[in-house]
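Beneath this line is the structure, given in structure tokens, with notes to follow.
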Amino acid sequence: MTVLQEDRTKMADHGDDLDSWFERLERMPVPEGYRVEIVEGFVHMTPQRDVHWEIIRWIVHTFEAKFGMKVKVKSDVRIDFPGHLNGFCPDVMKLRDTAAKDDRGLWRYHDIEFIAEVISKGTATNDYDTKRLTYATAGVPVYMIADPYTGKCHVYTDPKEGDYQTQLTVAFGTEIDLTGTVVDLVLPTEGFPRE
């Protein structure tokens, strides 16, 4: 679901920064079970689904099993990224151990080591295109897309000049070896459900 143009115009009139947009969105009646993001100035609301959550849970569990419960893994937490009005809420992100919030109480994209997005039909283009390029521009070392519609994971590494230089595609059920990356773990996908 995308906010209508007239609502977007009203939001822009209240200030052309992400804080103003998110303050207004917090006052709007967002249905329970929906996630809200701002991607290149457009507001997207996507429903959380069982399959979506199960994949997120598997990924988070893998990080907790490897690094313990104090690992800085977040889900659906706002991060302001480079570009025009990019306030994303990644499905899963791992922050470096030394990460600290900024003076506004937000985590900084500079501290992100890993992001995983689980595809939703309505916003798949964002994950495959806009977010991939934005995450590469931000220097996120590892970006993974889990697509329950195709049953595949796409792992992007080596961000340079606004895109990732390396891509690996594997079918659900295959282990993803990230030991040569900053996250240094093997991510099992045998439990990833399909749509």
Side-chain angles (χ1 to χ4, degrees), residues 35 37 39 48 51-83 86-102 106-120 123-124 126-194:
R35 178 177 86 151
E37 292 185 296
V39 179
Q48 295 287 24
V51 166
H52 195 250
W53 169 241
E54 288 299 317
I55 294 172
I56 291 170
R57 191 172 67 85
W58 275 95
I59 296 168
V60 170
H61 174 73
T62 301
F63 278 96
E64 291 173 347
K66 169 80 177 182
F67 301 109
M69 291 300 292
K70 291 188 179 183
V71 64
K72 290 184 178 174
V73 173
K74 309 293 178 188
S75 180
D76 291 337
V77 173
R78 173 186 163 191
I79 300 284
D80 294 350
F81 284 95
N86 285 324
F88 301 167
C89 301
D91 289 327
V92 179
M93 69 175 163
K94 182 198 178 293
L95 299 160
R96 72 183 76 225
D97 294 341
T98 58
K101 292 183 177 180
D102 66 17
L106 299 175
W107 296 104
R108 300 171 333 121
Y109 71 84
H110 303 89
D111 292 325
I112 298 172
E113 295 180 330
F114 170 90
I115 289 180
E117 296 284 9
V118 181
I119 295 297
S120 296
T123 58
N126 288 343
D127 295 331
Y128 278 112
D129 296 326
T130 306
K131 286 185 178 182
R132 186 192 85 238
L133 298 175
T134 300
Y135 293 152
T137 299
V140 174
V142 181
Y143 173 45
M144 185 183 95
I145 296 173
D147 190 333
Y149 300 99
T150 64
K152 293 181 180 173
C153 289
H154 307 275
V155 180
Y156 301 91
T157 57
D158 195 20
K160 284 187 185 145
E161 299 177 10
D163 204 353
Y164 287 96
Q165 305 304 302
T166 306
Q167 178 189 349
L168 170 69
T169 301
V170 300
F172 282 14
T174 305
E175 288 186 340
I176 301 172
D177 185 355
L178 299 173
T179 56
T181 71
V182 67
V183 292
D184 190 34
L185 59 74
V186 174
L187 180 63
T189 67
E190 78 274 354
F192 287 14
R194 293 188 61 165

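Salt bridge absent: Lys131 and Asp129 never bring a charged side-chain N and a carboxylate O closer than 4.0 Å. Ionic pairing of Asp127 and Arg132 is not present here: no N-O contact between side-chain nitrogen and carboxylate oxygen is shorter than 4.0 angstrom. Of the charged side-chain nitrogens involved, none lies within less than 4.0 Å of a carboxylate oxygen, so that Glu113 and Arg96 do not count as a salt-bridged pair.
Taking CG of Asp91 as the reference point, atom CE of Met144 lies at 9.5 Å (rounded to 0.5 Å). Note that CD1 of Ile145 is 8.0 Å distant from CD of Glu117, once rounded to the nearest 0.5 Å. Rounding to the nearest 0.5 Å gives a distance of 6.5 Å between CG of Asp76 and SG of Cys89. Atom CD1 of Ile115 and atom CD1 of Ile112 lie 4.0 Å apart (nearest 0.5 Å). Taking CG of Leu168 as the reference point, atom OG1 of Thr157 lies at 8.0 Å (rounded to 0.5 Å).
Inspection of the Asp147 and Tyr128 side chains reveals an N or O donor paired with an N or O acceptor under 3.5 Å.
Taking every heavy atom of both residues into account, Thr189 and Cys153 meet most closely at CG2-SG, 4.1 Å. Considering all non-hydrogen atoms of both residues, Gly87 and Asp80 come closest at CA-OD1, 4.0 Å. Between Ala124 and Ile119 the shortest heavy-atom distance is CB-CG2, 3.7 Å. Closest approach of Pro82 and Ala138 over heavy atoms only: CD-CB, 3.8 Å. What you find for Ser75 and Ile56 is that their closest heavy atoms are OG-CG2, 3.9 Å. The minimum heavy-atom distance linking Gly162 with Ala136 is given by the pair C-CB, 3.7 Å.
In this structure, Ile79 and Met93 have side chains that are in contact, with non-hydrogen atoms separated by less than 4.5 Å. Side-chain atoms of Lys101 and Leu106, non-hydrogen and from C-beta on, never get closer than 4.5 Å to each other. Contact of the Pro159 side chain with the Gln165 side chain is not registered, since no non-hydrogen atoms from C-beta on lie closer than 4.5 Å. Looking only at side-chain heavy atoms (C-beta outward), Tyr164 and Val140 come within less than 4.5 Å of each other. Under the 4.5 Å side-chain criterion, counting only non-hydrogen atoms from C-beta, Thr134 is in contact with Phe88.
Taking the six-membered ring for Trp and the full ring otherwise, Tyr135 and Tyr109 have centroids separated by 6.0 Å or more. Between His154 and Tyr143, a ring centre-to-centre spacing not shorter than 6.0 Å is recorded.
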>> Does Leu95 form a side chain to side chain contact (heavy atoms under 4.5 Å, CB included) with Trp107? I'd like the steps, not just the answer.
In response: CA-CA 9 Å; Leu95 299 160; Trp107 296 104; 3.4 Å; yes
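A donor-acceptor pair under 3.5 Å is formed between the side chain of Thr137 and the backbone N or O of Leu133.
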Give every donor-acceptor pair under 3.5 Å between a side-chain atom in residues 175-182 and any protein atom, sequence neighbours left out.
from	atom 1	to	atom 2	distance (Å)
Asp177	OD1	Thr179	N	2.9
Asp177	OD1	Thr179	OG1	2.5
Thr181	OG1	Leu178	O	2.6
Thr181	OG1	Val183	N	3.3

Sequence neighbours excluded and cut-off under 3.5 Å, please list the side-chain donor-acceptor pairs for residues 59-68, or say none.
from	atom 1	to	atom 2	distance (Å)
Thr62	OG1	Trp58	O	2.9
Lys66	NZ	Asp184	O	3.3

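For the pair Lys152 and Phe172, the cation-pi test (distance below 6.0 Å, angle within 45°) is failed.
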